[in-house]
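Input: a single structure, listed below in structure tokens.
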Amino acid sequence: MIFDSLMGAFSLDMGIDLGTCNTLVYVKDRGIVLNEPSVVAVAKGTNRVLRNGDAVGLVAKEMIGHTPENIEAIRPLKNGVISDFEITEAMLSYFIRRVQGRKHFVGPRVVIAVPSGITGVEKRAVFDSAERAGARRVYLLGEPMAAAIGAGLPVSEPTASMIVDVGGGTTEIAIISLAGISQSRSVRVAGDDFDAAIVGHLKRNYNMAIGDSMAEKIKIQVGSAAPFAESEPTMEVRGRDMISGLPRKTTITAGEIREALQDPVRQIIEAVTQTLEKAPAELSADLVDNGITMAGGSSQLRGLTLVLSNATGLTVKLADDPLTCVVRGTGVYLENLEMWKETMESDADEH
Ligand SMILES: Nc1ncnc2c1ncn2[C@@H]1O[C@H](COP(=O)(O)OP(=O)(O)O)[C@@H](O)[C@H]1O
Ligand SMILES: [Mg+2]
């Protein structure tokens, strides 16, 4: 232990949010030093990462839709499962090395927040890739626990906290008390499904093909889960006419986009109410006072907190800076490793 903390002085300990959309890295005493899309460019049909492995993150994301035929931009964690181990490993080690630079001669201690639904084999793969990328010690932390810590919830106290983290590929729900997870659920419905619902809507109702990034723009600009208080905005959308094959534009309204989003929104709400139904009575009682806290990029969908509050009868608030909650949580965890290790046996798998 003394050896470890001595080593810490020479290494760059880091906390990583390995998200399905975005990967963020926090370094002790420095804060968030990296925030990039979880995207890797590969030679089409292969696992070969392009350009000596530096076509990762933003560089790779910008290639989407603009790539020559033989290049493909991949999101290796897209559905909250690791669809491709080799590419995930290439991405993780690229990010770790980039943050570490060449100056540090001692491997870092790394805390990685992973979707809580991943299997033992997938955990092992994340763990091994961090080690191969030079980590001296690796700790895996469940994403909802990391989000709750990052949101400043009193996770180690004898009262219940509830966190709902709506990301890109998954929604992670947990009720936490005394530093342990009492109830949790990970469902594969989140921001990507909002985008897909918008793509489907434009296809069905306008015979118009749009790309994922246009769908995301529509979602952020006029998407909602509850009606707007003021008048409902409209938006001009560009895409390709599916019959003539030619470029075309059309105007959509916030109301129709809300209707298109209804189904995935309902699935998220149901997952939350089902988790609440399973909670022990004492914890339910705590939640009457403590309410629900939301984190993750997609928790920012307009009206989502309101809809969730109506469905559960609880107060629902958005964490500060919901996109960085998880990585800030890994940072807090990292700074208090010794303390957490005693209290959080089950959630932080130390290997
Ligand atoms: N203002 C916003 N309104 C709705 N969705 C948003 C907004 N900003 C970002 N998002 C969505 O948040 C998701 C990414 O959130 P993030 O928490 O980084 O996901 P992950 O943890 O899975 O990597 C994407 O689907 C993105 O479109
Ligand atoms: Mg996340």
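Along the sequence shown, residues carry numbers from 1. Worth saying up front: this structure is predicted, and the values here are computed from it rather than measured. In listed order, ligands and their atoms are each counted from 1.
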May I ask you to list the atoms of ligand 1 that are less than 4.0 angstrom from any heavy atom of [X]?
{"X": "I220", "answer": "1 (N), 2 (C), 3 (N), 7 (C), 8 (N)"}
{"X": "L323", "answer": "15 (O), 16 (P), 17 (O), 18 (O)"}
{"X": "G296", "answer": "17 (O)"}

To the nearest 0.5 Å, what is the distance between NZ on K219 and CE on M214?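 One finds 14.0 Å between NZ of K219 and CE of M214.
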What is the nearest protein non-hydrogen atom to [atom], stated with its residue, atom name and distance?
{"atom": "atom 8 (N) of ligand 1", "answer": "Q300 NE2, 3.5 Å"}
{"atom": "atom 25 (O) of ligand 1", "answer": "K219 NZ, 3.3 Å"}
{"atom": "atom 26 (C) of ligand 1", "answer": "E216 OE2, 3.2 Å"}
{"atom": "atom 18 (O) of ligand 1", "answer": "N22 ND2, 2.8 Å"}

Same cluster (ILVMFWY, side-chain, under 4.5 Å), [X] and [Y]:
{"X": "M162", "Y": "M294", "value": "yes"}
{"X": "I87", "Y": "I96", "value": "yes"}
{"X": "I268", "Y": "L308", "value": "yes"}

Is it the case that the side chains of E335 and Y26 hold a donor-acceptor pair, with the cut-off being a distance below 3.5 Å and no angle test?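 Y26 vs E335: donor-acceptor pair found between side chains.
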Are N290 and T159 linked by a side-chain donor-acceptor pair shorter than 3.5 Å?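 Checked: N290/T159 side chains pair up, N/O donor to acceptor below 3.5 Å.
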Would one find an N or O of [X], backbone or side chain, under 3.5 Å from an N or O of ligand 1?
{"X": "C21", "result": "yes"}
{"X": "T20", "result": "yes"}
{"X": "G168", "result": "yes"}
{"X": "D195", "result": "no"}

Do K78 and D192 sit within salt-bridge range, that is, some charged N less than 4.0 Å from a carboxylate O?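 Answer for the salt bridge query: no.
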Got a salt bridge between R258 and E232, using NZ or NE/NH1/NH2 to carboxylate O under 4.0 Å?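 A salt bridge is present here (some side-chain N lies under 4.0 Å from a carboxylate O).
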In sequence, state the C-alpha distance, the side-chain angles, and the governing distance for E131 and R136, and then conclude on salt bridge (Lys or Arg N to Asp or Glu O under 4.0 Å). CA-CA 7 Å; E131 263 196 342; R136 177 168 95 260; over 6 Å; no
Taking atom 10 (N) of ligand 1 as the point of reference, which of P322, G297, A113 owns the nearest heavy atom?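 Heavy atom nearest to atom 10 (N) of ligand 1 belongs to G297.
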For atom 13 (C) of ligand 1, which candidate among G191, A147, S298 holds the nearest heavy atom?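 Checking each option, the heavy atom nearest atom 13 (C) of ligand 1 is found in S298.
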Restricting to N, O or S atoms of E143, which is nearest to the Mg ion (ligand 2)?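 Minimum-distance N/O/S atom of E143 relative to the Mg ion (ligand 2) is OE2.
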N/O/S from D17 sitting under 2.8 Å away from the Mg ion (ligand 2):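 No, outside the cut-off.
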Could you walk me through whether R124 and D128 pass salt bridge (Lys or Arg N to Asp or Glu O under 4.0 Å), step by step? CA-CA 6 Å; R124 189 78 230 167; D128 288 347; 3.4 Å; yes
